[in-house]
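Each residue takes its place number in the sequence, starting with 1.
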Amino acid sequence: MGVSGVSGVPGLSSVLGVLHTSPVHVPVFDGLRDAEHPGLELHHHVEEELLARARREGPDAVVPAVRAALVRVAGVSGGGGVGAVLCTCSTIGGVAEDLGGDLGIPVVRVDRPMAAAAVAAGSRVVVLATVASTVGPTSVLVEEEARRVRRDVSVRAVVIDEAWDRFEAGDADGYAEAVARAVRDVRDADAIVLAQASMAGAEALVPDVRVRVPVLSSPRPGLAAAAALVAGRGRE
């Protein structure tokens, strides 16, 4: 699936390829772009099977498929090219990030800035996820960011079992409510991480919790990081 963002003739400095595993993310990131990065053009590419297979077989099983997807979204085969690629799926984000170096494509995993913010908030990080396949990659990412800044953290993960069925049924409100309930149940945390981009809608439902502890989601900081990278490459 290809969806262009801002109209006009794209230049390398203003184009970001975005790899999704669900089409529901396209309007979310377009909305964030329109509000905060109006000069940025997004080229969306959706491959739902990547997440489905990674859930069944593990992220390592989709390495060749993610590599092929990155080539497509980056425009390598077509010669168009983009400034960078943003992967919005937390389950395959680490795979995509690692492959970017091999392919010569700057790849940003959407959840890395969120993980850095969680580590900065304190030593007790609770990771909430709605699919179990995300728990490992997100927990490892938080620990990696902690090592990078030489901080000790403890990571506790909770899978919200009932939520994903609602997401797959297209019940966005019910999905957000299920995540919000899980957020309210968290105790003894310095930061609460919403591991998947799809969970960001729950933030607005828990203003009471956010007064006490940061509730962090990935779309806004992830897009900001990718936009900054694209802009930086355009100035090179």
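The two atoms that bring Ala54 and Val62 nearest to each other are N-CG1, 3.8 Å, heavy atoms only. Between Gly83 and Val230, the shortest heavy-atom contact is C-CG2, 4.1 Å. For the pair Leu205 and Ala180, the tightest heavy-atom approach, listed with the atom from each and the gap, is CB-CB, 3.8 Å. Closest heavy-atom contact between Ala176 and Ala202: O-CB, 3.6 Å.
Taken to the nearest 0.5 Å, the CG atom of Asp60 stands 12.5 Å off from the CD1 atom of Ile92. Rounding to the nearest 0.5 Å gives a distance of 14.0 Å between CG of Leu86 and NE2 of His43. Rounded to the nearest 0.5 angstrom, Thr88 OG1 and Leu19 CG are separated by 6.5 Å. In this structure, the separation between NE2 on His20 and SG on Cys87 is 9.5 Å, given to the nearest 0.5 Å. In this structure, CG on Leu32 lies 9.0 Å from CG on Asp34, to the nearest 0.5 angstrom. Distance CG/Leu70 to NE2/His45: 9.0 Å, rounded to 0.5 Å.
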Identify every side-chain donor-acceptor pair in residues 105-115 under 3.5 Å, counting partners at least two apart or on other chains, and give the distances.
{"unit_1": "Arg109", "atom_1": "NE", "unit_2": "Asp111", "atom_2": "OD1", "d": "3.0"}
{"unit_1": "Arg109", "atom_1": "NH2", "unit_2": "Asp111", "atom_2": "OD2", "d": "3.4"}
{"unit_1": "Asp111", "atom_1": "OD2", "unit_2": "Ser90", "atom_2": "OG", "d": "3.4"}
{"unit_1": "Arg112", "atom_1": "NE", "unit_2": "Glu97", "atom_2": "OE2", "d": "2.8"}
{"unit_1": "Arg112", "atom_1": "NH1", "unit_2": "Glu144", "atom_2": "OE2", "d": "3.0"}
{"unit_1": "Arg112", "atom_1": "NH1", "unit_2": "Glu145", "atom_2": "OE2", "d": "2.6"}
{"unit_1": "Arg112", "atom_1": "NH2", "unit_2": "Glu97", "atom_2": "OE1", "d": "2.8"}
{"unit_1": "Arg112", "atom_1": "NH2", "unit_2": "Glu97", "atom_2": "OE2", "d": "3.4"}
{"unit_1": "Arg112", "atom_1": "NH2", "unit_2": "Glu144", "atom_2": "OE2", "d": "2.8"}

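With sequence neighbours excluded, the residues satisfying side-chain contact (heavy atoms from CB on, under 4.5 Å) with Ala118 are Val125, Ala191, Val193, Leu216. Shown here are the side-chain contact (heavy atoms from CB on, under 4.5 Å) partners of Asp102, two or more places apart in sequence or in another chain: Arg67, Leu99. Among residues two or more places apart in sequence or in another chain, the side-chain contact (heavy atoms from CB on, under 4.5 Å) test is passed with Asp165 by Glu168. Glu49 meets the side-chain hydrogen bond (donor to acceptor under 3.5 Å, both in side chains) test with Arg56; sequence neighbours excluded. Qualifying salt bridge (Lys or Arg N to Asp or Glu O under 4.0 Å) partners for Glu36, counting only residues two or more places apart in sequence or in other chains: Arg220. Taking the salt bridge (Lys or Arg N to Asp or Glu O under 4.0 Å) definition, one finds that Glu143 meets it with nothing, sequence neighbours left out.
Applying the salt bridge (Lys or Arg N to Asp or Glu O under 4.0 Å) rule to pairs touching residues 175-195 yields Arg124-Asp190, sequence neighbours excluded. Residue pairs meeting the salt bridge (Lys or Arg N to Asp or Glu O under 4.0 Å) criterion with at least one member in residues 150-164, sequence neighbours excluded, do not occur. Applying the salt bridge (Lys or Arg N to Asp or Glu O under 4.0 Å) test to every pair with at least one member in residues 132-142, sequence neighbours left out, gives no pairs at all.
Chaining together hydrophobic side chains whose heavy atoms lie under 4.5 Å apart places Val206 alongside Val24, Leu51, Val126, Leu128, Val131, Val158, Ile160, Trp164, Phe167, Tyr175, Val179, Val183, Val186, Ile192, Leu194, Met199, Val209, Val213, Val215. Residue Val159 belongs to a hydrophobic cluster whose other members are Val135, with links defined by side-chain heavy atoms closer than 4.5 Å.
Within the 4.5 Å cutoff, the side chain of His44 has heavy atoms near those of the Asp30 side chain.
Considering Leu40, Leu229, Val85, Val73 as possible partners of Leu16, the one that fulfils the side chain to side chain contact (heavy atoms under 4.5 Å, CB included) test is Leu40.
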